[in-house]
2 protein chains.
Amino acid sequence: MDRRQRKTRAAILGAFIGLLKEKSYGKITVQDIIDAADVGRTTFYTHFETKDDLLRSLCGEIFEHVFSHDLGKEKTHDFSEEHDTRARVTHILYHLQEHMDYLPGIVSGESGEVFMAFFKEHLKGLFAHAREAEGCAVPRDYIQNHMVCDFAETVRWWTRNARYTPEEISSFFFETTPLL
Amino acid sequence: MDRRQRKTRAAILGAFIGLLKEKSYGKITVQDIIDAADVGRTTFYTHFETKDDLLRSLCGEIFEHVFSHDLGKEKTHDFSEEHDTRARVTHILYHLQEHMDYLPGIVSGESGEVFMAFFKEHLKGLFAHAREAEGCAVPRDYIQNHMVCDFAETVRWWTRNARYTPEEISSFFFETTPLL
DNA sequence: TTTGTTACCGAACATCGTGTTCTCTTTTAT
DNA sequence: ATAAAAGAGAACACGATGTTCGGTAACAAA
């Protein structure tokens, strides 16, 4: 890949992130982005199909980063299941914290749907072993959705209450679910 | 209020609901709505400020209906707290079911944010008494958000799995939370 | 019934953001 | 040195939003 391409792509993504610190995705225009990145309009559209494509690319990079060093992906650990999951959750929160400065601009509105969809997709594996409820037959689908939404919404809440540490958020999360 | 106004407003809202059964909010244009309602463009904009205003009006009507006969709003019942809440939840699900045919078009995408915000606002009172977690100090804010999101996301899941009854959904919900 | 008000129509319009297309220049690889 | 690829810049078409205006029809009160 050409050096220019890498620089341009980085400039666009960087400008996009910078703008997300100021205003939400919905209020950012392509014009804003290319002005901030100092690239031509044509250039933008050779790198990204649409504005939404840029958003999806950013989400992809975020979660590639956040889940890349996920301890639990290879099952080489000797922890109990719960301890393992707790460690992984805390770890993920730590990595998410690095993006905290621009997450508020992305987790709500139209972009929120995209962001949350990416997030939930990546989270599926994390809660695959969630306990089934005892008395009543709750469908596996429901449990899955419940856990994934619980955690994803917790993170969304965190972006509006960023004063808490990853350990605290992790505690809140595990204290309020009986399924892990 | 003029008879014409009532008819026109009803026509627009009705056409909007009809369109939501076919496609999602984001794909519906004002042109679609005024064609389906058979009203002039000007008329639309005298009744609703913007397309989003129409959406908010619809959400308002939905939740006014769904929460209007909420048993628990006047505290005249002698049930235990949990039983009371369970009855109210089931009752709400029954009323939501009446809108099930067009809810899928509204709970996702850009409109999803608006819909969920309305829903969560109305739900706040329902879970005000949710138990605090025992061991650790989980903030009241967190509990509140947790419960409200849990239920709202449960409903969203239901719109994609409408084969379940209100009682079943209610069971799933209460089986997976330790806070009620 | 007349009169004044209000709702509605419809067609045109301005505006804005998106995504495309063109020509021309600069950079890179070989 | 030269061909291929990347970018600049300006113009363009398009679609959707929301507004404006002059004319028509319904309503309500005299």
Side-chain angles (χ1 to χ4, degrees), chain A residues 1-60 105-106 108-115, chain B residues 1-20 22-61 105-106 108-115:
Chain A
M1 196 187 204
D2 202 315
R3 183 194 310 147
R4 287 172 297 178
Q5 279 195 49
R6 267 178 288 124
K7 278 180 64 177
T8 300
R9 188 187 160 88
I12 293 174
L13 279 166
F16 185 40
I17 290 175
L19 287 165
L20 282 171
K21 295 175 188 172
E22 298 168 15
K23 42 185 167 181
S24 62
Y25 175 77
K27 296 192 188 302
I28 297 172
T29 71
V30 174
Q31 196 62 46
D32 292 335
I33 297 167
I34 65 183
D35 286 349
D38 196 33
V39 299
R41 191 170 193 75
T42 5
T43 307
F44 177 89
Y45 282 105
T46 54
H47 280 264
F48 302 97
E49 286 191 10
T50 72
K51 206 180 81 170
D52 262 59
D53 185 36
L54 170 62
L55 172 62
R56 281 189 294 269
S57 295
L58 178 59
C59 288
I106 213 179
S108 295
E110 1 166 18
S111 56
E113 287 278 327
V114 175
F115 178 86
Chain B
M1 196 184 199
D2 201 316
R3 183 195 312 145
R4 288 171 295 177
Q5 281 195 47
R6 268 180 287 122
K7 277 180 63 177
T8 300
R9 188 187 159 88
I12 292 173
L13 280 166
F16 185 38
I17 290 175
L19 288 165
L20 282 171
E22 298 168 14
K23 41 185 167 183
S24 63
Y25 175 77
K27 296 193 188 301
I28 296 172
T29 72
V30 176
Q31 196 62 46
D32 292 335
I33 298 167
I34 65 182
D35 286 349
D38 195 32
V39 299
R41 190 170 195 77
T42 344
T43 308
F44 176 88
Y45 283 105
T46 56
H47 281 264
F48 303 96
E49 287 190 9
T50 71
K51 205 180 80 170
D52 261 59
D53 185 36
L54 170 61
L55 173 61
R56 281 189 294 270
S57 295
L58 177 59
C59 289
E61 301 221 346
I106 214 179
S108 294
E110 2 166 18
S111 56
E113 288 277 325
V114 175
F115 178 86

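- Residue D53(B) contributes atom CG, which lies 14 Å from atom C1' of dT17(D) at whole-angstrom precision.
- F48(B) CZ to L54(B) CG: the interatomic distance, rounded to the nearest 0.5 Å, is 5.0 Å.
- Checking the phosphate oxygens (OP1, OP2) of dC8(C), a side-chain nitrogen or oxygen of H47(B) falls inside 4.0 Å.
- Between atom OG1 of residue T42(A) and atom NE2 of residue H47(A) there is a gap of 10.5 Å, rounded to the nearest 0.5 Å.
- One distance of note links CD1 of I28(A) with OG of S111(A); it measures 8.5 Å at 0.5 Å rounding.
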Requested in this report: Would you give a per-nucleotide map of nucleotides 24-30 of chain D, 5' to 3', where B means the base has a protein non-hydrogen atom under 4.0 Å away, S means only the sugar-phosphate does, and - means neither?
Outcome: --BS---

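- With rounding to whole Å, R9(A) atom CZ is found 20 Å from dA5(D) atom P.
- Atom OG1 of T50(B) and atom CZ of R56(B) lie 5.5 Å apart (nearest 0.5 Å).
- The pair D32(B)-K23(B) counts as a salt bridge, with a side-chain nitrogen and a carboxylate oxygen less than 4.0 angstrom apart.
- Annotation: cation-pi geometry satisfied between K51(B) and Y25(B) (NZ/CZ under 6.0 angstrom from ring centroid, within 45° of ring axis).
- Listed pair T43(B) / dA7(C) fails the phosphate criterion, with no side-chain N or O lying under 4.0 Å from OP1 or OP2.
- Note on D38(A): only backbone sugar-phosphate atoms sit closer than 4.0 angstrom, heavy atoms only; bases stay farther off.
- For the atom pair D38(A) CG and I33(A) CD1, the distance stands at 14.0 Å (nearest 0.5 Å).
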Query raised in the report: Along nucleotides 11-22 of chain C, 5' to 3', which nucleotides get a B, which get an S, and which get a -, given that the test is a protein heavy-atom distance under 4.0 Å?
Result: B-----SBBBBB

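- R41(B) pairs by the salt bridge (Lys or Arg N to Asp or Glu O under 4.0 Å) definition with nothing, not counting sequence neighbours.
- The CG-P distance, from L19(B) to dA16(D), rounds to 14 Å in whole Å.
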Requested in this report: Decide side-chain contact (heavy atoms from CB on, under 4.5 Å) for I106(A) and V114(A); before the verdict, give the C-alpha distance in whole Å, the side-chain angles of both, and the deciding distance to 0.1 Å.
Outcome: CA-CA 9 Å; I106(A) 213 179; V114(A) 175; over 6 Å; no

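- Rounded to an integer number of Å, the gap from CD of Q5(B) to P of dT5(C) is 17 Å.
- When rounded to the nearest whole Å, the span between CZ of R6(B) and C1' of dT6(C) equals 15 Å.
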